[in-house]
Amino acid sequence: MAELEQRGDRTPIPAAWEYASAPESREIVKLEERYGLFIGGEFVEPRSGEHYKTLDPSSEEPLAEIPQAGPEDVALAVGTAREAFSDGWSAASPAERAKYLFRIARILQERSREFAVLESLNGGKPIRESRDVDLPLAAAHFFYYAGWADKLEYAFPHRRPQPLGVAGQIIPWNFPLLMLAWKIAPALAAGNTVVLKPAETTPLSALLFCDVLRQAELPPGVVNIVTGDGATGAALVKSEVDKIAFTGSTEVGKAIQRELAGTGKKLTLELGGKAANIIFDDCALDQAVEGIVNGIYFNQGHVCCAGSRLLVQESIYEPLLEKLKRRLTTLRVGDPLDKNTDVGAINSRQQLDKIEELVAAGEEEGAEIYQPPCRLPEKGYWFAPTVFTNVAQSYRIAQEEIFGPVLSVLTFRTPDEAVEKANNTPYGLSAGVWTEKGSRILWMAQRLEAGVIWANTYNRFDPASPFGGYKESGFGREGGLHGLEPYLDFDGAEAFGG
Ligand code: NDP
């Protein structure tokens, strides 16, 4: 064993490894110069008459012109969804609804390469992740909810589940297609129709998805896509929908909650996070290092459940940090379409500014910064993987969601201290625990205020598993049976009696 460790020490730092680039071809994606709004199964010109340009964040190259939907466009989309709901979709047999969901899932699988390239092109995420995570999971969500569509009576026995009507859905830019799948699949399975607004910076995969809907022959108006910025989202919140499902920042989530208070419209909010990834001294250290890297550098840290606060037991702080820093030197930052890339481009200029501002605050407050040597491309939006040590709990980098590839490291001595520090945040979305002791995992899980807790792994997702938060991370769940419930009305408890 000692010899092996010694040999490990002599291993050259793999930063010296050279890779030939392995770019995925973008030829498979055919972009329109200008898109319309998808309303009633057709692309229509926005009544607002306005368009904006969407970019490739890795090069700042404009990709296409996108409509900026105004309140009139949103009202048209909601009215169309309402007609589609009354004119057949709500009365369609559940097995019929399942048929469309299965078709969509299969078409996504068949066209997964095209979608993966587009997702990386418009969002900046590495093709390895779009191809191996976003696309398979998006298809899996449609398959999963297709399976429930004709079994709602069994899912909610004696409760007579009924669809709500029209669901307004607002999604962020970090997982554009996957968030669309999380929203649309349960809404349709429950018998609702949909108006969805993708994020301003990443509308293209939602617009390509309209082509999938046509291919699947989904009845017109059942799903409508309105593109635009925050004002379009605000118009959707104000419109005649029966429910809003929102994923995004806590600030906007609170504004939506205020707007809907007293209206009787249903609401689910999936908001920010500042998750603790907690490393005990008995864990498998090398696996933990991989889990830490996956926890914070996956998707450039643009992940609401990212393990952005690392809590390390004091006794292993030094060896862990040494391994982590060495591992960081092997991360390849660059072209999102290169299959070797681990860390792609930051999604937008605005997000890069936010990351830079918080990192500067971390340095000013006294934290110590580490970044591995890496050459960042000159054009586009980039930020090197970053680790902060010497972080106090009060620092902004330990409290605020950075939403970038930036890790703040803190230490603890006892499990109680780990729980206290982990819960010392306004958020409560996720956490990770690394230990070989099963009893400790359960002990921690009972005490951590987080909707999702991973043990000896991180950032694992499954459509059957509910996802969502506590405190300022929002309410309501997506995924699993729990994810159907917010899209249904129930006939009430009396059904239990008879
Ligand atoms: P937002 O919360 O602004 O965006 C999320 C979605 O809401 C987008 O579609 C956005 O449109 C839309 N939106 C914006 N304002 C309104 C409004 N008043 N009413 C209704 N919808 C609205 O997040 P940002 O993109 O501005 O990111 C800011 C920060 O939020 C990030 O740095 C990160 O910390 C956090 N965030 C968290 C996410 C999560 O998954 N929990 C996801 C994204 C961001 P548009 O894109 O046009 O602005």
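Note that ligands are numbered from 1 as they come in the structure, with each ligand's atoms numbered from 1 the same way.
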Starting from atom 22 (C) of ligand 1, which protein heavy atom do you reach first, and at what distance in Å?
Val252 CG1, 3.6 Å

Are the aromatic rings of Trp182 and Tyr145 close, with centres under 6.0 Å apart?
no

Can you tell me if Gly272 has a non-hydrogen atom under 4.0 Å from ligand 1?
yes

Thinking salt bridges, do Arg396 and Glu400 make one under a 4.0 Å N-O criterion?
yes

Below 4.0 angstrom from a heavy atom of Cys304, which ligand 1 atoms are there? Numbered from 1 as shown, please.
39 (C), 40 (O), 41 (N)

May I ask you to list the atoms of ligand 1 that are less than 4.0 angstrom from any heavy atom of Gly228?
47 (O)

Electrostatic pair Glu270-Arg477, nearest N-O below 4.0 angstrom
no

Please report which non-hydrogen protein atom sits nearest to atom 25 (O) of ligand 1, along with the residue it belongs to and the distance in Å to one decimal place.
Trp173 NE1, 2.5 Å

Where is the nearest protein heavy atom to atom 1 (P) of ligand 1: which residue, which atom, and how far?
Ser249 OG, 3.6 Å

Identity of the nearest option to atom 12 (C) of ligand 1, non-hydrogen atoms only, from Ile170, Ile355, Leu196:
Ile170

Any idea which atoms of ligand 1 are less than 4.0 Å away from a heavy-atom of Ile171?
6 (C), 8 (C), 9 (O)

Minimum heavy-atom distance between Leu269 and Gly253, given as atom pair plus value:
CD1-O, 3.6 Å

List the closest protein heavy-atom neighbour of atom 44 (C) of ligand 1: residue, atom name, distance to the nearest 0.1 Å.
Phe403 CE2, 3.7 Å

Determine whether the aromatic ring centres of residues Phe175 and Phe467 are separated by less than 6.0 angstrom.
no

Starting from atom 48 (O) of ligand 1, what is the nearest protein heavy atom, named by residue and atom, and what distance separates them?
Gly230 N, 3.8 Å

Heavy atoms of the protein only: does one fall short of 4.0 Å from atom 4 (O) of ligand 1?
no

Between Arg128 and Asp342, does at least one N-O distance fall below 4.0 Å, as a salt bridge requires?
yes

Is the Trp454 ring parallel, tilted or perpendicular to the Phe461 ring (thresholds 30°, 60°)?
perpendicular

Counting from 1 in the order shown, the ligand 1 atoms closer than 4.0 Å to a non-hydrogen atom of Thr247 are 5 (C), 40 (O)

Go through ligand 1 atom by atom and flag the ones less than 4.0 Å from a non-hydrogen atom of Asp229.
11 (O), 45 (P), 47 (O)

Judged on heavy-atom distance to atom 10 (C) of ligand 1, which of Glu259, Lys274, Glu401, Lys197 sits nearest?
Lys197

Looking at Tyr427, is Lys471 sitting on its ring face, NZ or CZ under 6.0 Å from the six-membered ring centre and within 45 degrees of the normal?
no

Non-hydrogen atoms of Phe175 versus ligand 1: any pair closer than 4.0 Å?
no

Considering only heavy atoms of Gln351, which atoms of ligand 1 have at least one such atom less than 4.0 Å away?
31 (C), 32 (O)

Can you spot which of Arg26, Lys53, Lys379 makes a salt bridge (charged side-chain N to carboxylate O under 4.0 Å, His left out) with Glu61?
Arg26

Got the closest protein heavy atom to atom 21 (N) of ligand 1, with its distance?
Gly233 CA, 3.5 Å

May I ask you to decide if the ring planes of Tyr144 and Trp148 are parallel, tilted or perpendicular, using 30° and 60° as cut-offs?
perpendicular

Within-shell test, Ser348 vs ligand 1, heavy atom, strictly < 4.0 Å:
no

Closest protein heavy atom (residue, atom, distance) for atom 46 (O) of ligand 1:
Glu200 N, 2.9 Å

Atoms of ligand 1, numbered as shown, that sit under 4.0 Å from any heavy atom of Pro172
42 (C), 43 (C)

If you scan protein heavy atoms around atom 32 (O) of ligand 1, the nearest is Lys354 NZ, 2.7 Å

Under-4.0 Å salt bridge between Glu290 and Arg327
yes

Among Gln68, Glu45, Glu50, Arg47, side-chain contact (heavy atoms from CB on, under 4.5 Å) partner for Asp73
Arg47

Using the six-membered ring of Phe298, assess whether NZ or CZ of Arg460 lies under 6.0 Å from its centre and within 45 degrees of the ring axis.
no

Under 4.0 Å from a heavy atom of Leu271: give me the atoms of ligand 1 that qualify, with their elements.
41 (N)

